[in-house]
Protein chains: 2
Amino acid sequence: MHHEPINSIRAEFIEKIGLIAQAEGMPRIAGRVFGLLVFDGQAISFADLAATLQVSRGSISSSVRLLEERGLIKRTAKPGERQDYFQLADNPYATMIDRVTRSLSRAKGEISATIAKLPTTSTDVCDRLCAYADFYGTMAATLQDAFEAPDSDQDA
Amino acid sequence: MHHEPINSIRAEFIEKIGLIAQAEGMPRIAGRVFGLLVFDGQAISFADLAATLQVSRGSISSSVRLLEERGLIKRTAKPGERQDYFQLADNPYATMIDRVTRSLSRAKGEISATIAKLPTTSTDVCDRLCAYADFYGTMAATLQDAFEAPDSDQDA
DNA sequence: AAGTTTGTTCAGTAAATACTGAACAAACTT
DNA sequence: AAGTTTGTTCAGTATTTACTGAACAAACTT
């Protein structure tokens, strides 16, 4: 049994993350950028990103902007270099969770707003909407809990 | 202060759920159907669905198929009636969570597959990918935990 | 100052997805 | 059997989103 070359492993990984990102509603190229940065671990230049992923500079520009806005990567500079460099943000996963919990809480809030408008007579509607709101609320709370303890992986 | 009519509250709720569903990657009409069924709580006919939501029968057909496949609604019948009726499935939220955890576990699995291919020399790459895989793994495990106890909302 | 490198913007295109509505088949009604 | 009701399918259209690449401005180099 002989081993797959590391570059091919890397390329496959990058594509996988592109697809995962797409499934999560993110543009595929942004996912590829993120995957590349996870794999490499070190800063890569704007031009190298475009060359490695074989996409236009425009796509790199919008992808890194999105990832920066979401706090998943950071733009850095190298002394004597004119290009922008990019690397993973400090705690990208905590930031991702934060985004998810915010979204879940927003959903819960929307439903709760409807509940608040209901006349006191429609108790059954209220019950059903509460169950729905609780669903989002529990998800949000659970995820927040699980990831807010900074660096504990074990369950005690 | 006078109250908003119940029908308007209902219509707004349905639209809200349509948007939430869309944000989660589902067709908007499917979200509206789900929202309507949550609000009403009782079975509604195929034709009434189309009429209430003001969409084509084709759209209802594909929406209810999607929701059925996902186990979120069930198709029922009324004695003496030829139309199909639809109502919420028994535990739609548990089913939703199941779907989410499956998806997260799949992501973790994809990353783990890459980790398994790495040569033993690239320990730093391994570390980063493990952190990434753990992220998905923790999310999946956490959500499963939180929702698997059938009917306990309190934290003890 | 003329020319280069670098990142952004934006108009245009490509691609994916959602929705409609007509055609259809199956089951029922008369 | 002819006609109706009912749900599905599918071709066509609409809509949304992603991506490209040329034009551009800013910063740098000569």
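Each chain gets a letter, A, B and so on, in the order the sequences are listed, and its residues count up from 1. Only this structure's heavy atoms are used, side chains among them; waters, hydrogens and symmetry mates stay out.
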| message | Tell me if a side-chain donor or acceptor on Q83(B) pairs with a main-chain N or O of A47(B) at a distance below 3.5 Å. | response | yes
| request: State whether the side chain of T101(A) and the backbone N or O of D98(A) hold a donor-acceptor pair below 3.5 Å, judged by distance alone. | output: yes
Separation of atom [atom1] in [X] from atom [atom2] in [N], rounded to whole Å:
X: E81(B); N: dT5(D); atom1: CD; atom2: P; answer: 13 Å
X: E24(A); N: dA18(D); atom1: CD; atom2: P; answer: 14 Å
X: Q54(B); N: dC19(C); atom1: CD; atom2: P; answer: 14 Å

Which of these nucleotides, [options], is closest to any side-chain atom of [X]?
X: S61(A); options: dT20(D), dT8(D), dT8(C); value: dT8(C)
X: S56(B); options: dT20(C), dT8(D), dC19(C); value: dT20(C)
X: R57(A); options: dC19(D), dT6(D), dG7(C); value: dG7(C)
X: V55(B); options: dT9(C), dT20(C), dG7(D); value: dT20(C)

| task | Classify the side chain of R82(B) and the base of dT6(D) as holding, or not holding, a donor-acceptor pair under 3.5 Å. | result | no
| said: Taking the basic N atoms (NZ, or NE/NH1/NH2) and the acidic carboxylate oxygens, is any pair closer than 4.0 Å for K74(A) and E68(A)? | reply: no
| SB check D40(A) R10(A) (cutoff 4.0 Å) | yes
| query | How does DNA chain D look in dot-bracket form if you count Watson-Crick and G-U pairs under 3.5 Å, write [ ] for pairs that cross, and put | where a base pairs with another strand? | reply | ||||||||||||||||||||||||||||||
| said: Looking at dT8(D), I'd like to know if its phosphate oxygens (OP1 or OP2) sit under 4.0 Å from a side-chain N or O belonging to R75(B). | reply: yes
| Does the side chain of S59(B) get closer than 4.0 angstrom to OP1 or OP2 of dC19(C) through an N or O atom? | no
| Enclosure of E81(B) CD (heavy-atom neighbours >12, cutoff 6.0 Å) | yes
| Neighbour count >12 (heavy atoms, 6.0 Å) for atom CZ, R99(A) | no
| said: Mind checking if I60(A) touches a base, just sugar-phosphate, or nothing, with heavy atoms under 4.0 Å? | reply: nothing
